[in-house]
Amino acid sequence: SSIFTFFSHGVLVAAPEYLKIEANRETIQVLKNRFFLGIESEEARQQPVDVAIPLFNPRPIHTSPKNPVVSEKPDYVVLQNGWLGQAAVLYRYPASIVAGFPIEYYHLVDQAVLVWESIPMEKSVNIIDRMRTRMNSLASDPSATSQTIQKLQKVEWLAQNIGGQAHLVKFSFFLLYSQPTREELTQLARKIKIVARSRLCDVDVPRFFQRALFEYKTAPPISLFGGIKLKYTDTNSLRTFYMLIDETLVDEDGVFLGRDFTGGPVVFDPYTKTNHNIVVLGKTGGGKSMFAKVFIRRLKQKEPNVKIWGLDPENEYINVAAKLGLKPVEITPKTRLGLDPFRLMRELPDFEPYDVASLLTQFYCEEKDETRLRSLVFQNRDSKNMEEFVKRVRETGDMEIAKKLEGALYPPDSIVYEGETLGLEPNTVYGLKSLELTGMTQRNRLKSLVMTLLSVHLQRQMFQKQEKGLLFIDEAWLFVDFPVTMGVFESVARRARKYGKSLMLITQRAYDVAATKAGRTVLEQAASSFLFGQEKAAIPLMQEVYHLREEEVNTLLEANPGTCIARIGPRSVRMQVEPTGEELEAFRTSLV
Ligand SMILES: Nc1ncnc2c1ncn2[C@@H]1O[C@H](COP(=O)(O)OP(=O)(O)OP(=O)(O)O)[C@@H](O)[C@H]1O
Ligand SMILES: [Mg+2]
């Protein structure tokens with residue numbers, strides 16, 4: 001769940017740092033927050049933190065800071081670089097804290113530090129009991145202040161919330177900053193105080209504890225002297241410190257996408273995330289395809305060797321394929337694809353009789369036929385092709401199923417199966433729009449059939465080597481009535497990481513996609529999500545899956561084309577995708 005339950009004792013440091021970023025042939029200086037996690041025990045240190053919490057570089061807790069203290073005065077320290085440093089502790093918090101408030105200090109300080117220690121359950125109960133008894137007697141005094149009443153409420157609230165997942169934790173949050181002179185240091189301290197007050201917090205510069213704070217030592221015995229009072233809260237609330245939310249997204253060696261709401265550049269590299277998958281959600285006209293094209297183009301320019309495959313149900317990409325560094329292949333009802341499931345089954349170890357049976361059930365039969373089809377496919381798995389399989393089914397006397405399957409032997413379906421298997425080269429985008437036949441009872445059926453078999457077939461190439469690559473699928477919602485198709489997307493998503501691949505799924509009507517089991521899994525598990533403008537109907541789902549804050553919901557409801565929220569692990573960055581003039585011209589969707 002959170003690092004505060006994962007590690008019983010630790011230090012979390014946010015250290016803003018200036019970086020130079022290459023973006024669209026420009027060099028920009030940006031402020032990037034680096035996070036460091038220090039953890040106490042030997043055993044904890046051996047946990048694979050880089051997997052659990054990819055943002056952090058776990059360090060032994062007592063590593064001395066980059067700029068060590070050389071001498072200590074009562075209320076400041078002298079640092080090795082000659083500057084004067086000061087530590088200020090936040091010691092009073094309002095009943096509700098604005099989520100993410102530590103961010104407000106980042107441009108003022110060198111480091112923002114959170115030290116915590118969880119308390120074993122039994123001891124927690126004792127501590128809360130004692131606090132409750134004390135606060136109760138204080139509050140029962142008729143002259144009790146509203147502050148006391150508030151404190152009692154807080155304790156009651158803690159008492160209710162401790163247990164289950166939540167532990168009691170002691171914590172301290174402080175800021176470390178430095179300036180060349182005393183005057184400047186005092187000025188900066190004043191600014192920090194103003195920011196704190198505006199959030200109803202108080203800060204204090206504890207005398208004689210400056211060095212200790214610079215060395216992250218707030219544990220007893222220091223706190224016992226009353227110099228630094230540790231606060232109590234529960235692990236869930238500590239999470240609302242959100243110091244882990246970084247409102248900037250600047251991945252070194254990433255692709256420049258646009259700017260965040262403060263005007264800072266957004267630079268993104270999906271391949272450094274826990275998995276490489278990307279989902280792009282938003283209402284029609286929100287700017288999803290523009291984003292995808294801009295991203296693909298710049299990724300390809302930056303890394304010509306990255307392998308890209310695209311499935312383009314509306315022929316939106318094949319027209320601009322050259323700009324994306326891709327080869328366009330338009331599939332028409334006359335293209336012979338050679339994607340016979342029996343042939344694919346022989347060629348692909350992961351495509352099994354079970355999968356073929358689901359596919360045939362979905363496109364030709366009814367659900368009740370699935371069990372029967374499974375045994376038929378299994379018994380006849382050595383059939384040369386669909387035609388031979390149908391013949392064999394007929395011979396077994398199962399005329400009902402044979403009759404249903406006959407649809408596969410005539411156009412347009414037969415074309416999908418017949419012919420030599422389409423030669424597949426990476427860096428190709430397949431346009432499927434012409435498969436939208438009028439007068440079909442089930443809309444998008446032929447598209448789905450081709451989409452499914454093509455995705456299955458592509459996996460062979462994608463998952464051959466461990467090598468950077470991307471499969472993008474736009475308009476995924478068209479396939480929500482075809483669980484087998486959605487299932488193939490999910491299986492690509494699941495296997496992608498192992499082979500260095502990324503699935504980028506782009507869709508409107510996120511709620512329809514999430515209503516399918518496979519679709520939901522893909523949405524929930526992608527490490528990177530880009531949420532563009534949404535219709536009202538999509539908001540409940542957005543809140544459920546992405547735990548949006550209210551201002552984020554408003555952003556989505558009021559978004560202009562190209563405005564989105566990038567949700568990358570614990571980061572949440574509101575941004576505007578910035579195509580260049582040339583890209584905007586080329587990638588604009590025609591108003592046909
Ligand atoms: N970042 C942007 N900056 C400026 N204009 C944009 C941006 N993104 C999109 N647009 C404008 O909005 C139009 C629609 O964008 P886009 O085709 O990407 O929408 P979409 O979300 O893919 O919609 P659909 O779901 O209908 O495919 C574009 O043709 C372009 O004119
Ligand atoms: Mg689009």
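Whatever order the structure lists ligands and atoms in, that order sets their numbers, starting from 1. Because the structure is predicted, anything quoted here is derived from the model rather than measured. Throughout, numbering of the chain's residues begins at 1 and tracks the sequence.
When non-hydrogen atoms are compared, ligand 1 lies under 4.0 Å from neither the backbone nor the side chain of Val294.
Checked by distance only, ligand 1 and Gly287 come closer than 3.5 Å through their nitrogen or oxygen atoms. Not one N or O of Gly282 is nearer than 3.5 Å to an N or O of ligand 1, by distance alone. Between Gly285 and ligand 1, a contact under 3.5 Å exists for at least one N or O pair. Checked by distance only, ligand 1 and Phe587 stay at 3.5 Å or farther apart across all their nitrogen or oxygen atoms. For ligand 1, the polar-atom distance check against Met290 finds a nitrogen or oxygen pair separated by under 3.5 Å.
The contact set between ligand 1 and Lys283, taken as ligand atoms under 4.0 Å from a residue heavy atom, comprises 21 (O). Atoms of ligand 1 found under 4.0 Å from any heavy atom of Arg588 (numbered from 1 in listed order, with element): 29 (O), 31 (O).
Taken from CZ in Phe479 to CZ in Phe489, the straight-line distance is 5.5 Å, to the nearest 0.5 Å. Interatomic distance, Gln461 CD to Glu425 CD, rounded to the nearest 0.5 Å: 8.0 Å.
Nearest to atom 27 (O) of ligand 1 by heavy atom, out of Glu475, Lys288, Lys293, is Glu475.
Inter-residue side-chain proximity for Phe587 and Phe291 is flagged as unmet; no heavy-atom pair is nearer than 4.5 Å.
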Test log, rule side chain to side chain donor-acceptor pair (under 3.5 Å), inputs Tyr511 and Glu535:
CA-CA 10 Å; Tyr511 38 89; Glu535 303 149 30; 2.9 Å; yes

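Using the six-membered ring where Trp is involved, Tyr364 and Tyr417 have ring planes that are tilted, between 30° and 60° apart.
Within the structure, ligand 1 lacks Glu578 among the residues with a heavy atom less than 4.0 angstrom away.
Salt-bridge formation is not detected for the pair Arg574/Asp260: no Lys NZ or Arg NE/NH1/NH2 atom is positioned less than 4.0 Å from an Asp or Glu carboxylate oxygen. A salt bridge between Glu552 and Arg567 is present, with a side-chain N of the basic residue lying under 4.0 Å from a carboxylate O of the acidic one. With respect to the salt-bridge test (charged N to carboxylate O, under 4.0 angstrom), the residues Arg298 and Glu583 qualify.
Residue contacts to the Mg ion (ligand 2): Gln508 brings no N, O or S atom closer than 2.8 Å.
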